[in-house]
Enquirer: 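Quick one: the structure is below, questions incoming.
Indexing begins at 1, ligand by ligand and atom by atom, following the structure's order. Residue numbers count from 1 along this sequence. This one's a predicted model, so the numbers in the text were calculated from it and none came from an experiment.
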Amino acid sequence: MAHAKTIDVPIEGMDCVECTQHVAAAIESLQGVEGVEVFLAAKKARVVLDPAQADLAAVRQAVASAGYSVPMQESQPTAPPPLVDFSRRIMVLFGAVFAAVLVIIVVGEWLGLLKAVTDRIPWYIALAIVLVGGFPVFRKVWLAILQRRITTHALMTVGVIAAVTIGEWATAAIVVFFMRVGDYVEGFTTDRSRMALRDLENMAPDQARVQRNGKEFELPISEIEVGEMVIVRPGEKIPVDGIVIDGHAMVDQSTVTGESMPIDVGAGARVFAATLAHQGSLRVEVTHVGAQSTFGRVIKLVEEAEANRASVESIADRFSSYFLPLVTIIAVLTYLISRDPMATVAVLVVACSCSFALATPIALLASIGASAKRGLLIKGGRFLEALARADVLLIDKTGTLTLGRPHITDIVAFGEESIEQILALAASAERYSEHPLAEAVRHAAAQRGLELHEPMEFRPLPGRGVQAQINGSIISVGNQSMHGGRPDDQRVSELAAEGKTLLYVMRESTLIGLLAATDTMREEVPAAISKIRDLGVEDIELLTGDSERSAIPLADALGLPFRAGLLPEDKISIVREHQSRGRTVVMIGDGVNDAPALAQADVGISMGAAGVDVAIEASHVALMREDWMLVPELLHISRRTMSVVKMNLALAAIYNLAGLLLAAFGLLPPVVAAAAQSIPDLGILTNSSRLLRQR
Ligand code: ADP
Ligand code: MG
């Protein structure tokens, strides 16, 4: 128990939602396994195990016993797909035509338009179809029974056996055939939902041109190391995250940020893997490669989004687990009441719990995958669900509502120090702070060519400022809360009245000076806020650690209520306060110093997360570019997704209800029931595909 280890295990042969539950159950039953998460889209399982009791070999065996497999090499590189897989295509085409003809015959017979065609199938051919075609299904059913699990296929198998027993050979064969077609369709459906993810994966280049000892080599990404130089030619994709050392290019960053307008990139600029360089070459120093790059992180988080399950998914799953026993009871009752074996077989064959299981994940995968391509990284269905019913929006001011690039406008000296000395002391104290205000102070000092001191015992005071020892005395820079009140000074009052952010500079406990900073509001904010309101999120509030005075101009311009002078923990309690009233809280921040509040919110959104690791990690939804318009878009997507989910569930419910009723009353021959099996799956697929095309 002491050192639990997490391993990722690729799984082969896992095509349906029910399959993921099998694999999970098989692994979970192992001694020493503490947790399992199975990812349908990424075709893998994440296993938390105690290495003293279980290992990969044990997991492999458990997976095999459930009828699936773990490929031998742990992480095979994704092989390029064969250009045209002819034989497979022809098989599929042949199967589809055959299935279509069979559907026509079966339905024709049912409606009395055709006279007994299927009856003419000789019993020995039917038997061959049942045995050969049914074998893989029967095997999985058997393996599941050994695990004490009843599956949809188990019920169908009972139906097939019953049909054979009463000598309905043609029925048995046709049911088996459509069972296989149904599996194929479900596999196809889950594959389609994986497409958005695969498209995303394919956007990252897997080769880079690296410079070593003055020579250029074309190497796979996995061999590139941080600190190396990579050359990017015009029209090529940038293979890594890095800093441009020299060269110039127009870069289309849409793969990462969703923004297709190319930006001008030159020496010193940050560039991201998977973005496209036009018109010009670049030499880039590698800062992050592969999975560590911003794009790599996005892919990984999208792959793992399935772990943050929507509650409707759990409800649908729970329902599926009651569904099969329910169908069994209906089948028994049908037989007891009507004594009609064919009606009973039809009941067993028509019920398909898979459509319930499929309804939610397919839609969520499509939506999350498509959003990732547009610069919206959503870490799970749970968050889409919460966004769709959001009623409170809390906005962090600095860096979120404002550009987060404040600059120092005024400096006031109170003691004998000169303005330069005050700025130098402040910038030295701020040397290692990540706050945007610290950046502004350092920038102002650099502009005046001031020399900085090395701070000792640097201490950040979140939501208040910083403190450090410089040349033997403690210098603190921060807001009013550190000083304990505003000094009675004409200049200070004026600056505060202008809505500026005041930074008090203190040596020990004496106020020696003051810096005033301003930051501009992002221009698209008013339009975005009004759209958010139109979408029904009425309760919008501004939160800031800054002073009341500096919040007023922004709050007034937007017509929003605000709370100022907040410490990070105050922001958390405001989130909790709303939640305790049963409301769904969305909070937007920069993810840097408001991470705890973002985590507490039902949905924490970070703004401008491309390249900012903490912002990607800290939030539930990361907006990859700094664009407020993404917020209403996100709300819109969440609503569309949830309405598609509801439609999918309704479709599954209507199909199953109607099918069961018709079958139980003997109005639906088993062959027609079997032929109809893929209707809900195809309906769900079609409906969910709408989410791939957004806007
Ligand atoms: P917001 O809630 O608006 O995002 P923060 O919580 O990041 O703001 O900071 C609140 C206030 O604390 C700032 O307005 C500033 O006055 C002060 N502060 C925080 N960090 C620093 C710093 N590094 N240097 C100076 N002042 C700081
Ligand atoms: Mg902030």
Side-chain angles (χ1 to χ4, degrees), residues 394-409 411 422-423 425-445 455 458-468 470 475-486 492 495-496 499-506 511 513-522 525 541-555 558 560 562-575 587-598 601 604-608 614-615 618:
L394 303 176
I395 304 171
D396 180 58
K397 182 180 80 87
T398 313
T400 309
L401 202 56
T402 61
L403 285 171
R405 285 185 281 278
H407 57 274
I408 303 295
T409 54
I411 304 174
I422 287 167
L423 185 56
L425 283 173
S428 305
E430 295 275 22
R431 201 158 184 174
Y432 298 112
S433 166
E434 287 171 359
H435 202 273
L437 283 168
E439 179 69 43
V441 177
R442 289 194 296 262
H443 183 73
F458 168 71
R459 214 150 66 90
L461 308 165
R464 300 175 60 201
V466 295
Q467 205 168 63
I470 290 156
I475 302 294
S476 26
V477 185
N479 59 17
Q480 210 157 304
S481 72
M482 294 177 70
H483 175 249
R486 179 133 46 90
V492 177
L495 291 169
K500 289 184 172 157
T501 299
L502 305 185
L503 305 181
Y504 297 84
V505 185
M506 280 170 294
L511 185 65
L514 178 140
L515 313 176
T518 54
D519 195 359
T520 22
M521 180 161 77
R522 296 174 193 274
V525 172
E541 202 177 351
L542 201 63
L543 305 184
T544 181
D546 211 342
S547 70
E548 191 154 321
R549 285 293 190 93
S550 74
I552 289 173
L554 284 168
L558 295 168
L560 295 179
F562 70 92
R563 291 192 232 188
L566 302 172
L567 293 175
E569 51 271 32
D570 298 332
K571 295 182 187 172
I572 302 178
S573 25
I574 291 172
V575 173
M587 165 132 192
I588 307 186
D590 52 21
V592 178
N593 52 10
D594 43 22
L598 292 187
I605 304 177
S606 62
M607 182 75 94
V614 278

Enquirer: Using the side chain to side chain contact (heavy atoms under 4.5 Å, CB included) rule, pick out the option among Leu515, Asn479, Val492 that qualifies with Leu502.
Expert: Val492

Enquirer: Taking 4.0 angstrom as the limit and counting only heavy atoms of Asp396, give me the atoms of ligand 1 inside it, by number and element.
Expert: 1 (P), 2 (O), 4 (O)

Enquirer: Any nitrogen or oxygen of Leu566, main chain or side chain, under 3.5 Å from a nitrogen or oxygen of ligand 1?
Expert: no

Enquirer: Out of His435, Arg563, Glu439, Lys571, whose heavy atom sits nearest atom 7 (O) of ligand 1?
Expert: His435

Enquirer: With heavy atoms only and a cut-off of under 4.0 Å, state how Glu430 meets ligand 1: side chain, backbone, both or neither.
Expert: side chain

Enquirer: Which ligand 1 atoms are under 4.0 Å away from a heavy-atom of Thr544?
Expert: 1 (P), 2 (O), 3 (O)

Enquirer: Report, in ascending order of atom number, the atoms of ligand 1 lying under 4.0 Å from any heavy atom of Ser433.
Expert: 23 (N)

Enquirer: State the atoms of ligand 1, each with its element, that fall below the 4.0 Å cut-off from a heavy-atom position in Val466.
Expert: 23 (N)

Enquirer: Which of the atoms of ligand 1 are close to Lys397, meaning less than 4.0 Å from one of its heavy atoms?
Expert: 3 (O)

Enquirer: Name the one of Thr520, Thr501, Asp519 that satisfies side chain to side chain contact (heavy atoms under 4.5 Å, CB included) with Thr402?
Expert: Asp519

Enquirer: Looking at side-chain heavy atoms only, is the closest gap between Leu554 and Thr544 below 4.5 Å?
Expert: no

Enquirer: Looking at Lys571 and Asp594, does any basic side-chain N land under 4.0 Å from a carboxylate oxygen?
Expert: no

Enquirer: How long is the span from the CG atom in Leu401 to the CG atom in Asp396, to the nearest 0.5 Å?
Expert: 9.0 Å

Enquirer: Using a strict 4.0 Å cut-off to heavy atoms of Gly478, name the atoms of ligand 1 that fall inside it.
Expert: 26 (N)

Enquirer: Who passes side chain to side chain donor-acceptor pair (under 3.5 Å) against Ser550, sequence neighbours left out?
Expert: Asp546

Enquirer: Taking N or O atoms only and a 3.5 Å limit, does Gly463 qualify as a polar contact for ligand 1?
Expert: yes

Enquirer: List for me each residue that meets side-chain contact (heavy atoms from CB on, under 4.5 Å) alongside Leu567, sequence neighbours excluded, and say none if there are none.
Expert: Arg464, Glu569, Asp570

Enquirer: Quick one: does His407's side chain get under 4.5 Å of His443's, heavy atoms only?
Expert: no

Enquirer: Leu503 heavy atoms, cut-off 4.0 Å: which ligand 1 atoms fall inside?
Expert: 25 (C), 26 (N)

